[in-house]
Trainee: 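Sharing a structure below in structure tokens format, with a few things to ask.
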Amino acid sequence: MKLARMPDGSPEVFFSLQGEGRSIGRPSVFIRAALCNLHCRWCDTDYTWNWEGTSYHHDRESESGYRKYKREEQIVDRTVSELVEAALQFSCESFVFTGGEPMIQQADWMKLMEGLDVAMANRPWFEVETNGTILPSEVFLARIDQLNVSPKLTNSGMEPQMRIKGEVLELLSRSGKADFKFVVGSGEDLGEVLDLVEEFSLERDRVFLMPLAHTPEMLNLTQKKVAEWALGHRLRYSDRLHLRLYGAKRGT
Ligand code: SF4
């Protein structure tokens with residue numbers, strides 16, 4: 001599998017508290033996939049896709065010192081059995097598949113889940129964090145326990161036809177296993193979320209508003225406004241616990 005690579009060359013597999021959504025605060029093993037089919041301008045894991053030689057734009061390009069990444073320095077290959085071994089070292093039964101966009105490597109995650117099912121005494125819990133543009137297979141949907149779907153809004157800089165896939169959102173909404181988590185910072189963002197809730201009949205108890213923030217300071221500035229929107233529209237609020245605890249750091 002193609003995984004995000006830590007500076008020491010190891011794959012980004014780490015033990016931390018789930019920082020967002022329904023399972024916030026749960027100790028989990030995170031496995032971060034390399035590659036994404038989108039290229040959102042505020043992405044906090046741009047090292048999974050913003051390669052040298054591409055024409056993608058990221059907000060951080062205006063910062064002095066920001067450079068696009070060398071692809072070969074950011075990806076590491078591991079077999080599924082190597083990953084099973086790496087994931088087992090934490091003695092934890094909860095796993096989060098994240099990225100990048102993990103659903104690009106859907107068949108491999110399926111094999112990984114099968115491997116962990118066999119290797120562990122108790123049934124493991126599997127969550128995937130996805131942008132909701134890639135259709136999950138029937139077997140994948142049957143085994144995964146929770147999908148944290150984060151459809152992208154106009155604020156991502158992506159074209160609507162790339163970021164909103166109606167058939168995927170409809171299937172995920174019907175599955176009863178998906179939450180929908182939207183990154184919001186403005187009234188326009190909120191309006192788009194409300195339109196999507198209507199269009200795809202998303203259950204409000206499964207819709208999370210999460211502040212657009214790259215730093216704990218930015219989170220502190222926007223959290224109250226977003227919390228009030230959630231209350232006012234009977235939606236859920238999601239914090240970004242990992243950002244508060246550790247800042248914007250890889251492997252947390
Ligand atoms: S979909 Fe997620 S990982 Fe991909 S570019 Fe957007 S924010 Fe980053």
Side-chain angles (χ1 to χ4, degrees), residues 1-6 11-14 16 18-21 30-63 66-69 71 74-76 96-106 108-109 127-136 146-166 168-169 172 178-186 189 192-193 196 207-215 218-219 222 226 238-240 242-243 248-252:
M1 295 184 70
K2 301 224 173 302
L3 301 158
R5 185 175 173 205
M6 295 291 284
E12 196 172 335
V13 179
F14 59 97
S16 190
Q18 171 59 289
E20 300 173 358
F30 290 77
I31 305 174
R32 189 178 304 286
L35 312 178
C36 190
N37 58 336
L38 301 184
H39 33 97
C40 307
R41 62 186 189 85
W42 42 254
C43 178
D44 56 5
T45 54
D46 51 333
Y47 55 91
T48 62
W49 56 267
N50 198 13
W51 319 126
E52 281 181 356
T54 60
S55 56
Y56 307 141
H57 293 295
H58 192 280
D59 283 350
R60 288 186 56 213
E61 277 159 26
S62 57
E63 289 175 17
Y66 180 88
R67 301 175 78 141
K68 282 178 176 277
Y69 299 89
R71 195 179 193 276
Q74 301 300 327
I75 296 182
V76 60
V96 180
F97 308 149
T98 187
E101 174 47 59
M103 294 303 285
I104 292 172
Q105 303 180 76
Q106 184 177 165
D108 289 319
W109 294 115
E127 287 188 19
V128 65
E129 306 199 315
T130 172
N131 58 31
T133 59
I134 298 176
L135 212 52
Q146 166 77 29
L147 296 108
N148 303 318
V149 186
S150 186
K152 299 301 177 264
L153 305 175
T154 304
N155 67 22
S156 67
M158 299 298 308
E159 293 300 315
Q161 62 273 22
M162 285 193 73
R163 58 184 167 80
I164 300 294
K165 301 287 181 187
V168 182
L169 297 182
L172 293 175
D179 287 334
F180 297 87
K181 187 176 61 183
F182 295 93
V183 175
V184 292
S186 70
D189 299 343
E192 277 184 57
V193 173
L196 289 167
V207 176
F208 290 72
L209 300 182
M210 191 168 74
L212 176 57
H214 313 300
T215 61
M218 206 172 156
L219 186 55
T222 50
V226 176
S238 175
D239 203 35
R240 308 188 92 159
H242 53 305
L243 194 57
K249 258 177 66 185
R250 288 196 201 189
T252 59

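Remember, it's 1-based here, ligands and their atoms both numbered in the order they're listed. Quick note: numbers below take in every heavy atom, side chains included, and nothing from hydrogens, waters or symmetry partners.
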Trainee: Salt bridge check: are R250 and D44 linked by an N-O gap of less than 4.0 Å?
Mentor: no
Trainee: Judged on heavy-atom distance to atom 7 (S) of ligand 1, which of R163, M158, K152 sits nearest?
Mentor: K152
Trainee: Using only atom types and a distance under 3.5 Å, with no angle test, would you say the side chain of Q146 pairs donor to acceptor with the backbone of E127?
Mentor: no
Trainee: Hey, are K181 and E20 close enough for a salt bridge, meaning a charged N less than 4.0 Å from a carboxylate O?
Mentor: yes
Trainee: Give me the protein N, O or S atoms that fall under 2.8 Å of atom 8 (Fe) of ligand 1, sorted by chain and residue number.
Mentor: C43 SG
Trainee: Decide if the gap between the ring center of W109 and the ring center of F97 is smaller than 6.0 angstrom.
Mentor: yes
Trainee: Quick one, F180 and F208 - any side-chain contact, counting heavy atoms below 4.5 Å?
Mentor: no
Trainee: Flag yes if more than 12 heavy atoms outside K2 fall under 6.0 Å of its NZ atom; otherwise flag no.
Mentor: no
